[in-house]
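Report on the following structure.
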Protein chains: 2
Amino acid sequence: MLSKRTKYGLKALTFIAKQDKENPVQIATISKEENISHKFLESILLSMRKAGFLGSKKGKGGGYYLLKDADKIQMSDVIRLLEGPIAMLPCVSLNFYERCDDCPDETKCSVHALMIEVRDATLEILKNKTLADLVADIS
Amino acid sequence: MLSKRTKYGLKALTFIAKQDKENPVQIATISKEENISHKFLESILLSMRKAGFLGSKKGKGGGYYLLKDADKIQMSDVIRLLEGPIAMLPCVSLNFYERCDDCPDETKCSVHALMIEVRDATLEILKNKTLADLVADIS
DNA sequence: TGTATTCCCTACTTATCCGATAGGGTTTAA
DNA sequence: TTAAACCCTATCGGATAAGTAGGGAATACA
């Protein structure tokens with residue numbers, strides 16, 4: 001299950017991407033329009049800024065804006081930042097690998113093999129989907 | 001992330017499917033061989049029995065056995081039982097649908113559209129994968 | 001220069017759920 | 001009759017998610 005953190009983050013990104021690139025979007029605006037708790041959203045946007053997806057401007061007229069073009073922002077990257085691993089098991093995760101305590105040999109684990117298939121299919125979608133696609137989907 | 005419950009359940013099912021169909025497999029055996037807590041496994045097998053995947057026999061020489069042929073047991077069904085929804089968001093779940101508090105209109109939600117794609121891809125794999133395939137994968 | 005605006009940062013709370021454990025009860029083969 | 005095995009309910013500790021609190025720092029603009 002996707003956390004609300006990730007869901008809100010994606011919605012916020014989409015919202016920002018829809019706006020003029022020139023003037024930044026305020027937390028309060030997104031919070032109101034997308035029905036997201038102001039403070040919670042704040043922490044989400046902050047982490048996306050730190051990760052280099054967003055830039056920010058303080059003071060009056062400030063807010064958040066995209067640092068890259070929307071079609072250069074892959075969903076896989078955003079989700080990895082906000083959610084963590086895309087794989088359904090740590091032992092099949094590419095970026096967050098961890099071995100299982102109970103498995104003496106991963107290659108002999110039926111679940112392992114299955115989950116690699118699922119991971120690859122999911123990744124295929126999330127890599128080829130950009131923020132620009134998301135904006136287009138709802139327009 | 002797949003819960004241990006589901007992972008253990010799948011491993012146990014695979015283990016049972018590997019055995020002779022005639023004599024039932026004991027919890028203790030699976031627990032030992034697959035390094036799963038005995039009591040925890042007990043509750044998992046119980047729910048799979050109640051769901052109709054497994055049959056059981058009490059008393060000495062008892063244990064669990066498959067009620068259907070392994071190639072008739074779809075991964076999507078097992079996962080839905082043990083894990084719950086396959087979708088990454090309640091609002092795109094086929095079997096556990098729930099609407100989002102924050103979305104006035106699902107069709108206008110960028111995340112919604114994306115997660116439907118992911119769900120369909122995942123489902124495609126899990127529906128076509130049977131317990132028989134899992135056994136074959138590790139043999 | 002002052003003030004309102006806006007983002008920045010840390011810490012805390014609260015609820016929920018997962019994984020596991022405890023402790024019996026019931027059925028059955030031998 | 002007895003030991004093996006499943007059946008059932010209750011409980012618990014720890015982790016995590018979601019949201020809250022409260023102030024700090026930078027900036028535009030009058």
Side-chain angles (χ1 to χ4, degrees), chain A residues 1-9 11-12 16 22-32 34-51 53-65 67 79 81-85 88-90 96 98 100-102, chain B residues 1-12 16 19 22-32 34-51 53-65 67 79 81-85 88-90 96 98 100-102:
Chain A
M1 278 283 156
L2 215 62
S3 62
K4 298 211 168 179
R5 182 176 179 78
T6 304
K7 188 186 162 208
Y8 291 164
K11 285 179 97 170
I16 295 172
E22 300 317 313
N23 38 342
V25 185
Q26 281 107 48
I27 298 173
T29 309
I30 306 173
S31 157
K32 218 177 299 171
E34 300 289 348
N35 303 301
I36 304 170
S37 140
H38 184 284
K39 279 296 200 177
F40 192 27
L41 180 58
E42 204 176 325
S43 85
I44 297 168
L45 293 177
L46 202 55
S47 62
M48 290 203 284
R49 196 217 50 174
K50 285 181 178 168
F53 293 112
L54 294 175
S56 66
K57 238 179 103 180
K58 288 185 189 174
K60 193 169 187 181
Y64 287 94
Y65 51 90
L67 275 182
I79 292 180
L81 169 70
L82 295 175
E83 187 78 13
M88 295 184 82
L89 285 178
F96 300 83
E98 231 172 294
C100 301
D101 291 336
D102 53 306
Chain B
M1 276 282 153
L2 216 62
S3 63
K4 298 211 168 179
R5 183 176 179 78
T6 305
K7 188 186 162 207
Y8 292 164
L10 289 175
K11 285 179 97 170
I16 295 171
Q19 313 302 311
E22 300 317 312
N23 38 342
V25 185
Q26 282 106 48
I27 298 174
T29 310
I30 306 173
S31 157
K32 218 178 299 171
E34 300 289 349
N35 304 300
I36 303 171
S37 143
H38 184 284
K39 280 294 198 178
F40 192 27
L41 180 58
E42 204 176 326
S43 84
I44 297 168
L45 293 177
L46 202 56
S47 61
M48 290 202 286
R49 195 216 51 172
K50 286 180 179 170
F53 293 112
L54 295 174
S56 66
K57 237 179 103 179
K58 289 185 188 175
K60 193 169 186 180
Y64 287 95
Y65 52 91
L67 275 183
I79 292 181
L81 169 71
L82 296 175
E83 187 78 13
M88 294 182 84
L89 284 179
F96 301 83
E98 231 172 293
C100 300
D101 291 335
D102 52 308

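Computed from a predicted model, the values in this text were never measured in an experiment.
When rounded to the nearest whole Å, the span between NZ of B/K50 and C1' of D/dC6 equals 12 Å. A/M48 has its CE atom 13 Å from the P atom of C/dC7, to the nearest Å. Rounded to an integer number of Å, the gap from CD1 of A/I27 to P of C/dC9 is 12 Å. Nucleotide D/dC7 holds its C1' atom 16 Å from the CD1 atom of B/I44, rounded to whole Å. One interatomic measurement links the two molecules: CG of A/L46 to C1' of D/dG19, which rounds to 16 Å at whole-angstrom precision. Note: CG (A/N23) to P (C/dT6) measures 13 Å, nearest angstrom.
Between C/dC9 and A/R49, a contact under 4.0 Å exists linking OP1 or OP2 to a side-chain N or O. Note on B/Y65: every side-chain N or O is 4.0 Å or more away from OP1 and OP2 of D/dC6.
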For nucleotides 12-23 of chain C, 5' to 3', base contacts (B), sugar-phosphate-only contacts (S) and non-contacts (-) with protein non-hydrogen atoms under 4.0 Å give -------SSBBB
Nucleotides 25-30 of chain D: protein proximity per nucleotide (B base, S sugar-phosphate only, - neither; heavy atom, under 4.0 Å): -SBS--
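Nucleic acid contact for A/K7: none, since no nucleic acid atom lies under 4.0 Å from a heavy atom of the residue. Contacts of A/L45 with the nucleic acid, taken as non-hydrogen atoms under 4.0 Å apart, are absent.
Partners of A/K58 by salt bridge (Lys or Arg N to Asp or Glu O under 4.0 Å), not counting sequence neighbours: none found. The side chain to side chain contact (heavy atoms under 4.5 Å, CB included) search around B/A51 returns B/F53, B/L81, not counting sequence neighbours. A/K60 is linked by a salt bridge (Lys or Arg N to Asp or Glu O under 4.0 Å) to nothing, counting only residues two or more places apart in sequence or in another chain.
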What donor-acceptor contacts under 3.5 angstrom involve side-chain atoms of residues 2-12 of chain B, with partners at least two apart or in another chain?
from  : atom 1 : to     : atom 2 : distance (Å)
B/S3  : OG     : B/T6   : N      : 3.3
B/S3  : OG     : B/T6   : OG1    : 3.1
B/S3  : OG     : B/E83  : OE1    : 2.8
B/R5  : NH2    : B/S47  : OG     : 3.2
B/T6  : OG1    : B/E83  : OE1    : 2.3
B/K7  : NZ     : A/D102 : OD1    : 2.8
B/K7  : NZ     : A/D102 : OD2    : 3.3
B/K11 : NZ     : A/D102 : OD2    : 2.7

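The closest side-chain heavy-atom distance from B/L82 to B/I44 is below 4.5 Å. Contact check for A/L45 versus A/I27: side-chain heavy atoms found under the 4.5 Å cut-off. With contacts defined as side-chain heavy-atom distances shorter than 4.5 Å, the pair B/M1/A/P90 qualifies. Contact of the B/I30 side chain with the B/V25 side chain is registered, since non-hydrogen atoms from C-beta on lie closer than 4.5 Å.
A donor-acceptor distance shorter than 3.5 angstrom exists from the side chain of B/S31 to the backbone of B/I36, with no hydrogens or angles considered.
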